[in-house]
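Reading through the structure tokens given below for one structure.
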Amino acid sequence: MAMECVASARKAESIGKKFTIKGWVRTRRDSKGGFSFLEINDGSSFGNLQVIANNTLQNYQTDILKIGTGCSVVIEGVIKGSPAKGQETELVADSVQVVGWADPNTYTMQKKGHTFEYLRTQAHLRPRTNTFGAVARVRNQISKSIHDFFQEKGFLYINTPIITPSDCEGAGHMFRVTTLDFLNPKTIAKAEDDFFGKPVFLTVSGQLEGETYACALGKIYTFGPTFRAENSNTSRHLAEFWMVEPEVAFNDLIQNMDLAESFIKRIIRDALNQCGEDMQFFEERIEKGLIQNLELVLNKDFQRISYTEAVEILKNSGQTFEFEVAWGKDLQSEHERYLAEKHFNGPVILYDYPKEIKAFYMRLNDDGKTVRAMDVLVPRIGEIIGGSQREERLEILEARMQGAGLKPEDYWWYLDLRRFGGVPHAGFGLGLERCVQFITGMANIRDVIPYPRTPGSADF
RNA sequence: UUCCCGAUAGCUCAAUGGUAGAGCGCCUCGCUGUUAACGAGGAUGUUCAAGGUUCGAGUCCUUGUCGGGAAGCCA
């Protein structure tokens, strides 16, 4: 990393070296001592590089004194130790070239605090702020950790289709993909006339296709965009989000839990180690106690209890919940948060849920009432991972599909995995944006993806 | 989708039914190895939209639009 960027220029080992820095001005402060301070950011680190621009520069009066927040510049100079507090190094400019001006009367990114609500209307410029720069870097690190984690374990990265004729969950609304013009009814004919000759949708999960590759190649993961047309208006839902879905042949639910736990811990460890300055910012300005909470999750063994045990704990908790706790009912957010935040004060994995509240493909237990499902709950977020051991027995799977109102013949290829060389296998899904929320402490999911897509809103 | 809250200067917000305000940002000047710099002065308004009540509406009523919070669904 001998690149000439702000991140390296800020390090003491760069003192004495000649640098060319290309970036955007955050602030300018003039000194009547005969020079100006410029704070430059180029995205390579959270902190800015302080530049000293002396009034002996030929364009000092004509350009430099007019530089404001948002201007792009190319600056050449030598890195020196900074005589004042606040930064280790500074760049003493030999030349300052303004590449692009930013009119301070119309430029919407001001030097000081904007609300996240306002910045959402400026999604194209918000990456120039401290917060969104930090989110982008941490999100990138998480994506890298995801690939590193699985690649180092020998998983294959599989790209499952985004346009699909199958409905993975058997529930939930999907986005229809069509070339038919619904605004012009005269042209509408039949579904067979559509581009693919049948109804197709944007994927809600790559799991089923992922299973086919796991049942051939052993260990795989998918990592791509996912779409849900649910009318969910919350700080934790997007219509378009990114999901990671590992799938491992021959794994059972316990091995699935082990994988999920080490996976989460790897992401946390990398974020703390690789994004220290960004994480410190989130700790100080976004969520107090964030780092301590992450270290708690990193250092604690995840508690593992069955759904049935969880129901008993909640019933005996003495807490009054808005929603009733009863075996057979799904746990509500308040219940999950009580378990992760109050009762265990740390991450919890719940498993063996009633079959009625879980998907058809989860393996039925011998009790006939529960399935090999698991949810990983963490403090502050609640469910961050959901997964299961898959049903590998053909007859039971067919029966459960029919019980869920699905036609087994529509899933002939999925059932073939059970007909030919079938094996136990297990996997889980992690929503990337929820993971970014968990790591950064950002309260609203719309602020951890560059261009959020939510019901009634697809700007930019 | 349900419930609650909100919409006023570029931004964040004030304003008993009676003359439209402040802080920040911006501009000018001053001061300073400054760093959310500081001090003084200045410019800035279709009060979200459409109706209604009233002598008079930013303020009250109705509808709509947009935003936020909580819940449900989930990742």
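Computed from heavy atoms alone, side chains included, the values below leave out hydrogens, waters and symmetry copies. In this text, all values refer to a predicted model and were calculated from it rather than measured experimentally. Just so we're on the same page: letters track the sequence lines, and every chain starts at 1.
Rounded to whole Å, the distance from CG on A:D30 to C1' on B:G30 is 13 Å. Rounded to a whole Å, the NZ atom of A:K66 is 10 Å from the P atom of B:U28. In this entry the distance linking CG of A:N105 with C1' of B:G42 reads 13 Å, nearest Å. In this entry the distance linking CZ of A:R28 with C1' of B:C27 reads 12 Å, nearest Å. One atom, CZ of A:F281, and another, P of B:A36, lie 14 Å apart when rounded to the nearest Å.
Not a single donor-acceptor contact under 3.5 angstrom links the side-chain atoms of A:E90 to the base of B:U34.
If you check every strand for non-hydrogen atoms under 4.0 Å, A:T106 touches nothing. Residue A:F35 is in base contact, counting any heavy-atom pair closer than 4.0 Å across all strands shown. Residue contacts for A:I384: at a heavy-atom cut-off of 4.0 Å it reaches the sugar-phosphate backbone alone, with no base atom in range.
For A:H114, counting side-chain heavy atoms from C-beta on, the closest listed nucleotide (B:C26, B:C11, B:G33) is B:C11. Comparing B:C74, B:U34, B:G33 by their closest approach to the side chain of A:P83 singles out B:G33.
Cation-pi geometry between A:K315 and A:W327 is not met at under 6.0 angstrom from the ring centre and within 45 degrees of the axis. For the pair A:K17 and A:F19, the cation-pi test (distance below 6.0 Å, angle within 45°) is failed.
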Under a 4.0 Å heavy-atom criterion, the protein footprint on nucleotides 66-73 of chain B, written with B, S and -, is -SSSBBBB
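Smallest separation of non-hydrogen atoms from A:D94 and A:L57: O-CD2, 3.1 Å.
Stem regions annotated for RNA chain B: B:1-7 with B:65-71, B:10-13 with B:21-24, B:26-30 with B:38-42, B:48-52 with B:60-64, counting only runs of 3 or more consecutive pairs of Watson-Crick or G-U type with both contacts under 3.5 Å.
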